[in-house]
Amino acid sequence: MSDTIFGKIIRKEIPADIVYEDDLVLAFKDVNPQAPTHILAIPKKPIAKLDDATDEDLAVLGHLLLKAKQVAAEAGLTDGYRLVMNNGESAGQTVFHLHLHILGGRPLSWPPG
Ligand code: 5GP
């Protein structure tokens with residue numbers, strides 16, 4: 001997989017407002033927030049998109065989901081939040097390093113656009 005802006009954030013080559021980090025995952029505030037709280041949670045392993053994940057990624061993807069829950073709680077999202085993972089260009093993916101959007105702090109309508 002080719003390098004992305006998120007690879008640069010993982011390596012601290014460019015700044016980001018990091019809210020959580022461990023050996024496997026990183027979470028940081030989205031630079032262009034779509035809700036009062038908009039955090040991105042990413043695996044440090046460079047998986048371009050969910051379609052590229054394999055059985056080898058089972059543990060890291062489970063960890064990512066559980067850490068997203070922790071990050072949401074620590075951000076004070078007690079009244080619900082939404083997790084979004086865009087997979088592919090036509091789904092709106094623009095950065096090809098797998099990521100979860102954690103969105104909250106306002107009512108979120110359904111269906112999404
Ligand atoms: P996607 O459209 O791929 O699902 O989401 C990519 C997200 O990354 C967008 O919400 C966009 O605002 C965010 N983003 C893109 N570049 C940067 C950056 O350099 N720093 C941060 N913090 N977020 C970024």
Side-chain angles (χ1 to χ4, degrees):
M1 177 189 132
S2 57
D3 195 26
T4 67
I5 194 90
F6 291 175
K8 292 180 171 53
I9 289 173
I10 291 168
R11 296 190 301 274
K12 314 281 165 65
E13 291 169 7
I14 62 166
D17 193 344
I18 293 171
V19 297
Y20 178 81
E21 179 168 19
D22 64 24
D23 288 347
L24 293 178
V25 304
L26 185 69
F28 51 95
K29 293 185 182 172
D30 196 294
V31 78
N32 183 24
Q34 302 302 311
T37 297
H38 187 174
I39 295 168
L40 301 171
I42 69 174
K44 288 188 172 175
K45 179 177 175 181
I47 304 165
K49 59 185 189 301
L50 188 61
D51 275 354
D52 298 321
T54 70
D55 288 352
E56 276 180 24
D57 302 314
L58 184 68
V60 71
L61 292 180
H63 187 69
L64 183 71
L65 202 51
L66 290 173
K67 288 302 165 183
K69 178 185 79 162
Q70 179 183 321
V71 164
E74 288 171 0
L77 299 179
T78 53
D79 194 29
Y81 56 91
R82 182 172 294 167
L83 300 180
V84 172
M85 185 180 288
N86 296 323
N87 179 82
E89 248 169 37
S90 61
Q93 187 174 3
T94 58
V95 179
F96 284 81
H97 182 125
L98 183 150
H99 51 280
L100 262 182
H101 297 260
I102 303 165
L103 295 150
R106 67 168 169 82
L108 297 164
S109 60
W110 193 263

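Each ligand, and each atom within it, is numbered from 1 in the order the structure gives. Here, residue 1 is the first one in the sequence, and each next residue gets the next number.
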So which protein heavy atom does atom 19 (O) of ligand 1 come closest to, and at what separation? I5 CG1, 3.4 Å
Atoms in ligand 1 flagged as close to N32, the criterion being non-hydrogen separation under 4.0 Å: 12 (O)
Can you report which non-hydrogen protein atom sits closest to atom 2 (O) of ligand 1, along with the distance? G92 O, 2.8 Å
Can you find a non-hydrogen atom of F6 under 4.0 Å from ligand 1? yes
On the 0 to 90° scale, with breaks at 30° and 60°, tag the H38-H101 ring pair as parallel, tilted or perpendicular. tilted
Identify the protein heavy atom lying closest to atom 10 (O) of ligand 1, giving its residue, its atom name and the separation to 0.1 Å. D30 OD2, 2.5 Å
Just let me know how L40 lines up against ligand 1, side chain, backbone, both or neither, with a heavy-atom cut-off below 4.0 Å. side chain
Check: Q70/E74 side-chain N/O donor and acceptor closer than 3.5 Å: yes
Between H97 (side chain only) and P43 (backbone N and O only), is there a donor and an acceptor less than 3.5 Å apart? yes
Give the minimum heavy-atom separation between P15 and I9, together with the two atoms involved. O-CG1, 4.5 Å
Check each of D52, L61, D51 against L98 using the side chain to side chain contact (heavy atoms under 4.5 Å, CB included) test, and report the only one that passes. L61
Passes salt bridge (charged side-chain N to carboxylate O under 4.0 Å, His left out), K12 versus E21? Steps please. CA-CA 12 Å; K12 314 281 165 65; E21 179 168 19; 3.0 Å; yes
Among L103, L98, I18, V95, closest by any non-hydrogen atom to atom 15 (C) of ligand 1: V95
N86 N/O to ligand 1 N/O under 3.5 Å: yes
Should H101 be counted as touching ligand 1, given the test is an N or O pair under 3.5 Å? yes
Can you find an N or O of A16 that's nearer than 3.5 Å to an N or O of ligand 1? no
Before signing off on this row, confirm whether F28 and ligand 1 have an N or O atom pair separated by under 3.5 Å. no
Please state which protein non-hydrogen atom is closest to atom 22 (N) of ligand 1 and give its distance, to 0.1 Å? K29 O, 2.9 Å
Minimal heavy-atom distance between I39 and A27, with the atoms involved, is CG2-CB, 4.0 Å
For the rings on Y20 and F28, is their centre-to-centre separation under 6.0 Å? no
Side chain, backbone, both or neither: which part of I9 has a heavy atom under 4.0 Å from ligand 1? side chain
Please confirm whether the backbone N or O of V60 pairs with a side-chain atom of D57, one donor and one acceptor, at under 3.5 Å? no
In ligand 1, which numbered atoms sit nearer than 4.0 Å to a non-hydrogen atom of H99? 1 (P), 3 (O), 4 (O), 5 (O), 6 (C)
Looking only at protein heavy atoms, which one is nearest to atom 17 (C) of ligand 1, and what is the separation? V31 CG1, 3.7 Å
Please identify which of these residues, T94, V31, V95, meets the side chain to side chain contact (heavy atoms under 4.5 Å, CB included) condition with I5. V95
Where is the nearest protein heavy atom to atom 3 (O) of ligand 1: which residue, which atom, and how far? T94 N, 2.7 Å
